[in-house]
Amino acid sequence: MKATRTLIRNADIVVTMNDDRQEIAGGDILIENGRIAAVGHNLPRESAEVIEAGGCVVTPGLINTHHHLFQTLTRAVPAAQDAALFGWLRTLYPIWARMGPDDIRLSAQVGLAELALSGCTCSSDHLYLFPNGARLDDSIEAASEIGIRFTATRGAMSIGESKGGLPPDALVEDEAAILRDSERVVDAFHDPGEGAMVQVALAPCSPFSVSRELMRDAAVLAREKGVRLHTHLAENDEDIRYSLDNFGMLPGDYAESLGWTGDDVWHAHCVKLSAPEIDLFARSGTGVAHCPCSNARLASGIAPVRAMRDAGVPVGLGVDGSASNDCSHLGLEARQAMLVARLKDGPAAMGAREALEIATLGGARVLGRSDIGALKPGMQADLVLWDVSDLPLAGQWDPVAALTFCAPIRPRAVYVQGRAVVQDHRLQTADPRDLYARAKTAVARLAGETPL
């Protein structure tokens with residue numbers, strides 16, 4: 001019978017992210033029944049499976065607070081490579097409209113597998129279109145197969161081009177049907193308890209693709225059900241103009257007017273958030289999913305993360321969709337967050353350890369979770385063994401800082417709830433070669449080509 005106790009032994013450094021941000025040289029971590037029982041030195045090995053962690057830095061698992069997994073099958077689409085947000089969306093909507101349930105599930109499998117191989121142990125996903133019978137259930141099934149924690153957000157679009165919205169009419173839904181299905185998926189899948197592997201949030205796509213009424217009704221329903229709220233906000237200059245032209249106010253004020261601020265809400269991007277809006281978010285505990293790679297890819301700008309953090313706004317990292325990143329590597333996202341913060345506010349604006357904190361504790365706070373994000377007794381055993389004995393780390397003087405400065409770093413192992421999802425650099429829950437082959441076939445079909 002498989003041991004319910006695991007001892008991770010003699011790591012070069014254990015980065016706890018505990019209240020004191022303690023880093024333990026030569027540290028051990030004892031796991032019992034999926035939780036961390038102890039962190040320290042010379043922990044008991046009786047009845048435990050022993051994992052030698054020499055040559056590794058151990059950190060909490062990285063947490064992804066914003067993604068569109070369905071976009072994994074539309075990476076580097078030629079016509080969308082050099083477009084800003086609105087033009088990028090108009091190019092890709094017709095392709096996404098050709099997807100079906102199998103595509104949504106496969107795309108999520110590929111994206112989640114890639115995330116796991118980057119050290120991610122918990123991911124949010126914003127699925128806001130449901131073509132050809134696709135459902136949120138398809139992504140949830142994929143997450144269960146890959147084996148990482150999952151916050152599935154039931155997104156929606158209800159205002160198509162004929163009514164002044166951005167998406168084509170074929171991709172929007174009736175608002176009453178959206179609310180009915182939102183209630184269904186919460187009732188079917190949301191686990192409010194500690195250690196939950198699946199949680200659900202409600203996530204109308206954006207202020208330019210749904211009505212005021214749906215935004216307000218979604219907020220009411222979410223609070224009745226005790227789930228969180230998520231959407232895109234203040235992403236670029238076009239987004240700000242749309243809000244001013246159509247609502248007569250800035251996006252943060254619009255969100256507040258509809259009940260979309262509070263410690264149960266997080267918004268993606270917030271690149272153009274003004275100082276008063278930052279103060280509003282700080283006072284209300286409203287979170288932000290910072291997506292620096294996507295923001296750069298679409299030339300949206302650099303989010304004022306230093307100002308947000310200084311004000312007390314909860315900030316986590318998001319890789320965003322794989323059609324606007326175009327990868328799902330949280331280590332690279334942490335590095336990019338550090339670099340663009342310095343580009344905006346100077347070389348001391350963000351250090352490597354702060355970027356790592358945002359990628360772990362910050363993400364946990366944004367997703368409303370107190371059971372992950374740190375390595376201390378009682379927390380879920382979600383952790384990563386980073387291989388710092390590999391060639392890309394040769395010559396480093398500070399292995400913890402090197403995780404960010406020298407990214408990407410390969411995880412030797414990734415544990416979720418004490419179970420190995422990645423071991424010896426290999427994904428344990430799916431065959432990457434099979435996923436690649438199936439994705440290649442799906443892309444060829446979506447592009448209207450014959451598979452090679």
Asker: Under 6.0 Å from the six-membered ring centre of Tyr254 and within 45° of its axis: does the NZ or CZ of Arg212 meet both?
Answerer: no
Asker: With no hydrogens and no angle check, is any side-chain donor or acceptor of Asn295 less than 3.5 Å from a backbone partner on Cys291?
Answerer: yes
Asker: Give the ring-plane orientation class for His68 versus His66, where under 30° counts as parallel, over 60° as perpendicular and anything between as tilted.
Answerer: perpendicular
Asker: Just distance, no hydrogens or angles: give the donor-acceptor pairs under 3.5 Å from side chains in residues 194-205, sequence neighbours left out.
Answerer:
residue: Glu194; atom: OE2; partner: Arg35; partner atom: NH1; Å: 2.9
residue: Gln199; atom: NE2; partner: Asp191; partner atom: O; Å: 3.0

Asker: Give the ring-plane orientation class for Tyr242 versus Phe247, where under 30° counts as parallel, over 60° as perpendicular and anything between as tilted.
Answerer: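 Perpendicular: the ring planes of Tyr242 and Phe247 meet at over 60°.
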Asker: Is a side-chain donor or acceptor of Asp28 paired with a backbone partner of Asn42 at a separation under 3.5 angstrom?
Answerer: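 Yes, the answer is positive, given that a donor and an acceptor are paired below the 3.5 Å cut-off.
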Asker: Mark yes or no for whether Asp264, through its side chain, and Arg228, through its backbone, hold a donor-acceptor pair below 3.5 Å.
Answerer: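 No: the side chain of Asp264 does not pair with the backbone of Arg228.
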Asker: Do any N or O atoms from the side chain of Thr16 and from the backbone of Gln22 form a donor-acceptor pair under 3.5 angstrom?
Answerer: yes
Asker: Does the pair Lys376/Asp20 count as a salt bridge with the N-to-O cut at 4.0 Å?
Answerer: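 Salt bridge: no.
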Asker: Name the orientation class of the two ring planes belonging to Tyr128 and Trp96 (parallel below 30°, tilted from 30 to 60°, perpendicular beyond 60°).
Answerer: perpendicular
Asker: Under 3.5 Å, is there a donor on one side chain and an acceptor on the other for Gln380 and Arg149?
Answerer: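 The answer is yes; a qualifying pair exists.
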Asker: Please report the closest heavy-atom contact between Leu367 and Cys122, naming both atoms and the distance.
Answerer: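 Reported closest heavy-atom pair: CD1-SG, 4.0 Å.
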